[in-house]
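In what follows, a single structure is set out as structure tokens and then discussed.
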Amino acid sequence: DVKVTQSSRYLVKRTGEKVFLECVQDMDHENMFWYRQDPGLGLRLIYFSYDVKMKEKGDIPEGYSVSREKKERFSLILESASTNQTSMYLCASSPYSNQPQHFGDGTRLSIL
Amino acid sequence: DQQVKQNSPSLSVQEGRISILNCDYTNSMFDYFLWYKKYPAEGPTFLISISSIKDKNEDGRFTVFLNKSAKHLSLHIVPSQPGDSAVYFCAAVHGGTYKYIFGTGTRLKVLA
């Protein structure tokens, strides 16, 4: 079974802080993704990566950056956290494009 | 502009009956569709998918139907069980891309 592990289930940070969310997958998948889930808006793609050191913007990249130094690890960075970034963040991975993405259990991030 | 829509935010069904969840899309370039189930405090779990070259795909109690002319996707669960109570998301993929476009979700409640 694919295992996608997100480092924290719950996180509370203050506005202006730099925040790191970490994600690790154990199936040697090429592609990794970061989404946020908000009520009434479904899942929205922030960034994705199809190879080490490669990244592409998703639909809502503003205020975020990512890092993929190793194939198994994909980090989401909030450069200067703001209250409107309070959300559930979900990481996913897939072997290639038309294969199901496998999700981690999410990080509920609160920015105070 | 929401390309994938789930117009019913919630649905209640008696145990043993059929659950039908619906999804509409606007982009005719989508060629791969998926359904995910999400329990509270967990990540989405892949349920079933369908390619645009098919109009039906079955997996146990779950069947997905695709009507390309109507740009409509549905998930049938027969028979419904209390453990099926969750939020269901449909997702669509434009061929050759990595980007999933998710609907906003339908909360299914199966009553015992």
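Reckoned from all heavy atoms, side chains included, excluding hydrogens, waters and symmetry mates. Lettering follows sequence order; numbering is per chain, from 1.
Shown are B:Phe33, B:Phe102, B:Tyr100, B:Tyr32; of these, the ring pair (Phe, Tyr, Trp, His ring centres under 6.0 Å) with B:Tyr25 is made only by B:Phe33. Of the options B:Asn22, B:Leu21, B:Ile50, a side-chain contact (heavy atoms from CB on, under 4.5 Å) to B:Leu75 is made by B:Leu21 and by none of the others.
Ring planes of A:Tyr35 and A:Phe103: tilted class, angle from 30 to 60°. Taking the six-membered ring where the residue is Trp, A:Tyr50 and A:Phe48 present tilted rings, their angle falling between 30° and 60°.
Residue A:Arg44 does not touch chain B at all, counting heavy-atom pairs closer than 4.5 Å. Contacts of A:Gln6 with chain B are absent, with no heavy-atom separation under 4.5 Å from either backbone or side chain. For chain A, the nearby parts of B:Ala41 are the backbone and the side chain; heavy atoms of each come within less than 4.5 Å. For B:Tyr39, no part lies near chain A; criterion is any non-hydrogen pair under 4.5 Å. Using a 4.5 Å cut-off between heavy atoms, A:Leu90 contacts chain B through its side chain alone, with no backbone atom that close.
Among the candidates A:Arg108, A:Met88, A:Glu56, A:Arg9, the residue making the largest number of heavy-atom pairs closer than 4.5 Å to chain B is A:Arg9. Note on B:Ala91, B:Pro44, B:Pro9, B:Ser51: by heavy-atom pairs under 4.5 Å with chain A, the leading option is B:Pro44.
Remark: side-chain polar atoms of A:Asp105 are paired, donor with acceptor, to backbone N or O of B:Gly43 under 3.5 angstrom.
Here OG of B:Ser19 is found 5.0 Å from CD1 of B:Ile77. Values are rounded to the nearest 0.5 Å.
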